[in-house]
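First up is the structure itself, then whatever we jot down about it.
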There are 2 protein chains.
Amino acid sequence: MKKLVETSTEEKIMEAAKEVFMKYGLYGARMQDIANTAGINKALLHYYFRNKEKLFDKVFEGALQKYFQQMDVFSDSSLPIKERVFKYVDNILLFLSEYPQMSIFIIKEFSINPELFREKVQAVKRDKAVRLIQALEEEMATGKIKKIDPVLFMINLHSLCSYPFIGEPLFKHALKAQGKDWNKDFSQEKLNLSVKKFVEFSLGK
Amino acid sequence: MKKLVETSTEEKIMEAAKEVFMKYGLYGARMQDIANTAGINKALLHYYFRNKEKLFDKVFEGALQKYFQQMDVFSDSSLPIKERVFKYVDNILLFLSEYPQMSIFIIKEFSINPELFREKVQAVKRDKAVRLIQALEEEMATGKIKKIDPVLFMINLHSLCSYPFIGEPLFKHALKAQGKDWNKDFSQEKLNLSVKKFVEFSLGK
DNA sequence: TTTATGTTTAACTATATGGTTAAACCATTA
DNA sequence: TAATGGTTTAACCATATAGTTAAACATAAA
């Protein structure tokens, strides 16, 4: 029973830390805020994770892991690249529904402190992200897909998937002010179809 | 001469504040950091702008103004909507080249403190953002463009324009790790063409 | 040169924040 | 029941940070 309670507290802290760090970043986040969110005493944070940086490290590491895990499908050479991209779209949209601020969190913290996290990002990301580019180049060479700029395609793909979740609060506000309803006008399914149409348009012969 | 020096200092502060607030947000930014960036004494910040919130307000207000100004073109009813969108793409990409973090700055601060900025955002944004949607609906009704989901189109458009600048640091890192060169693989011109191709594909009959 | 006025700074204050400590609080076991 | 050991808390401490103040500085006018 002891062990269970322990894990539960640690998990509560991690969940709260994730939430607060994602919202405010390493500099903007307050330990007291994290403690309040987790519903525990501030000293407990230091009991489980020595200090702010260590706690942030854990959160950031986990975020990287989960985020780039979504790109594993790019390496599945049993599928044609278009199918891999389709699968990726399914994965990432589902993932971002749960953590809408994940992309921007990773990008921001990495830009603020590149030297501190370069190795960590490197280690987790490895070549997962660029596998997509390599696969695109291969299928272009064999004439299976259209000749396109693979880097630009990768950027566009990430843009279409990530930004809707990042910008949701503002989009919501803009629509509401005009009597429209975000929840009626936007859905993960619509976005999914729309992105895949773009992929089809870009790659399909 | 006095007046000139004054303006120059105030401007130096505003520039520095913009930079630091965009990087760290209201909570994460430090007045000392802003003072250092501006190359002045911290007390001067309070001399020109009473406190942190007031300074932030000025910066945020200016950011809103400039950002939504780019969307004025959506209201130019002398042009067909596709032309308006093309012009918007030109505008916003140029603007984001200068302030790559502008979209995310506005979104983040607005989400963190919606009640504080709702009116300000409302006042500046007005219906600029949704004018695009209205215009799309009009031209769909008259059969000038394809029948599409206008809200989804708006989201995709913003995604394709904003995210490349937001994610640049990470993209850069990903490509460099694979021996590729961001500056060779990405350019504003390429992106411009690519976005317009998407617009053509989405609206064009 | 002197005075007046606006600008800039160093030194300071009060509070917020990250982090520590010692005591209290369980649950398990001897 | 008493002892043990991990968990949790209130009360601290040291430092960082937003904001203030009084004095120094500079410039223009008298």
Side-chain angles (χ1 to χ4, degrees), chain A residues 1-63 105 108-109 112-113 116-117, chain B residues 1-63 105 108-109 112-113 116-117:
Chain A
M1 214 53 186
K2 212 183 292 175
K3 210 67 194 166
L4 258 180
V5 172
E6 190 189 353
T7 342
S8 162
T9 300
E10 202 170 319
E11 225 129 85
K12 268 195 294 182
I13 293 177
M14 279 299 285
E15 274 312 303
K18 224 185 281 183
E19 191 182 323
V20 175
F21 278 133
M22 286 222 190
K23 195 165 173 189
Y24 297 106
L26 172 56
Y27 278 36
R30 300 291 131 88
M31 293 298 265
Q32 187 61 61
D33 193 359
I34 296 175
N36 293 343
T37 305
I40 53 149
N41 187 285
K42 184 166 70 81
L44 256 192
L45 296 182
H46 296 91
Y47 177 75
Y48 282 95
F49 309 84
R50 185 161 298 288
N51 57 34
K52 195 183 182 186
E53 256 188 40
K54 287 245 182 11
L55 176 55
F56 179 82
D57 255 35
K58 265 273 167 69
V59 170
F60 192 68
E61 175 100 35
F105 172 61
K108 271 250 150 181
E109 298 304 318
I112 286 175
N113 224 329
L116 196 67
F117 297 117
Chain B
M1 212 55 185
K2 212 184 291 175
K3 210 65 195 170
L4 256 180
V5 172
E6 191 190 350
T7 340
S8 160
T9 300
E10 202 171 319
E11 225 128 86
K12 269 195 294 182
I13 293 177
M14 280 298 286
E15 275 310 304
K18 223 184 282 181
E19 191 182 322
V20 175
F21 277 133
M22 287 222 190
K23 194 166 173 188
Y24 296 106
L26 172 56
Y27 278 34
R30 301 292 132 89
M31 292 298 265
Q32 188 61 60
D33 192 0
I34 295 176
N36 292 343
T37 304
I40 53 149
N41 188 286
K42 183 166 70 83
L44 258 191
L45 296 182
H46 295 89
Y47 177 74
Y48 281 95
F49 309 84
R50 184 164 298 289
N51 57 35
K52 194 182 181 184
E53 256 189 39
K54 288 246 183 5
L55 176 55
F56 180 82
D57 256 33
K58 266 273 169 69
V59 169
F60 192 68
E61 174 100 36
F105 172 62
K108 270 250 150 182
E109 297 306 317
I112 286 175
N113 226 330
L116 196 66
F117 298 117

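Computed from heavy atoms alone, side chains included, the values below leave out hydrogens, waters and symmetry copies. By convention in this document, chain letters (A, B, ...) are assigned in the order of the sequence lines, proteins followed by strands, and residues within each chain are numbered from 1.
Partners of A:E53 under the side chain to side chain donor-acceptor pair (under 3.5 Å) rule, at least two apart in sequence or in another chain, do not exist in this structure. B:F49 pairs by the ring-ring contact (aromatic ring centres under 6.0 Å, His included) definition with nothing, not counting sequence neighbours. For B:K18, the salt bridge (Lys or Arg N to Asp or Glu O under 4.0 Å) criterion is met by B:E15, not counting sequence neighbours. Partners of A:D57 by side chain to side chain donor-acceptor pair (under 3.5 Å), not counting sequence neighbours, listed by chain and number: A:K120. Checked against ring-ring contact (aromatic ring centres under 6.0 Å, His included), B:F60 has the following partners two or more places apart in sequence or in another chain: B:F56, B:F105, B:F117.
Note: OH (B:Y47) to P (C:dA10) measures 17 Å, nearest angstrom. A straight line from CD1 of B:I13 to C1' of C:dT8 spans 11 Å, rounded to a whole angstrom. Going from atom CG of A:L45 over to atom C1' of C:dG18 covers 10 Å, rounded to whole Å. Distance, A:L44 CG to C:dG18 C1': 15 Å, rounded to whole Å. For the pair B:N36 CG and C:dT9 P, the computed distance is 12 Å after rounding to whole Å.
Between B:Y48 and C:dT8 there is a side-chain N or O to OP1 or OP2 distance below 4.0 Å. Contact check, A:T9 against D:dT7: no side-chain N or O comes under 4.0 Å of OP1 or OP2.
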What does the B/S/- profile of nucleotides 13-22 of chain D look like, 5' to 3', with a 4.0 Å heavy-atom cutoff to protein?
----SBBBB-
Let me have DNA chain D in dot-bracket notation, would you? Count Watson-Crick plus G-U wobble pairs, both distances under 3.5 Å, and use [ ] for pairs crossing earlier ones and | for inter-strand partners.
||||||||||||||||||||||||||||||
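Side-chain contact check for A:N41 versus A:Y47: every heavy-atom pair is 4.5 Å or farther apart.
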Let me check something: any side-chain donor-acceptor pairs from residues 28-40 of chain B under 3.5 Å, sequence neighbours excluded? List them with distances.
residue	atom	partner	partner atom	Å
B:R30	NH2	A:Y27	O	3.2
B:Q32	NE2	B:N36	OD1	3.1
B:N36	ND2	B:Q32	O	3.4
B:T37	OG1	B:D33	O	2.8

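The salt bridge (charged side-chain N to carboxylate O under 4.0 Å, His left out) pairs that include a residue from residues 35-52 of chain B number zero, where partners must be two or more places apart or lie in different chains.
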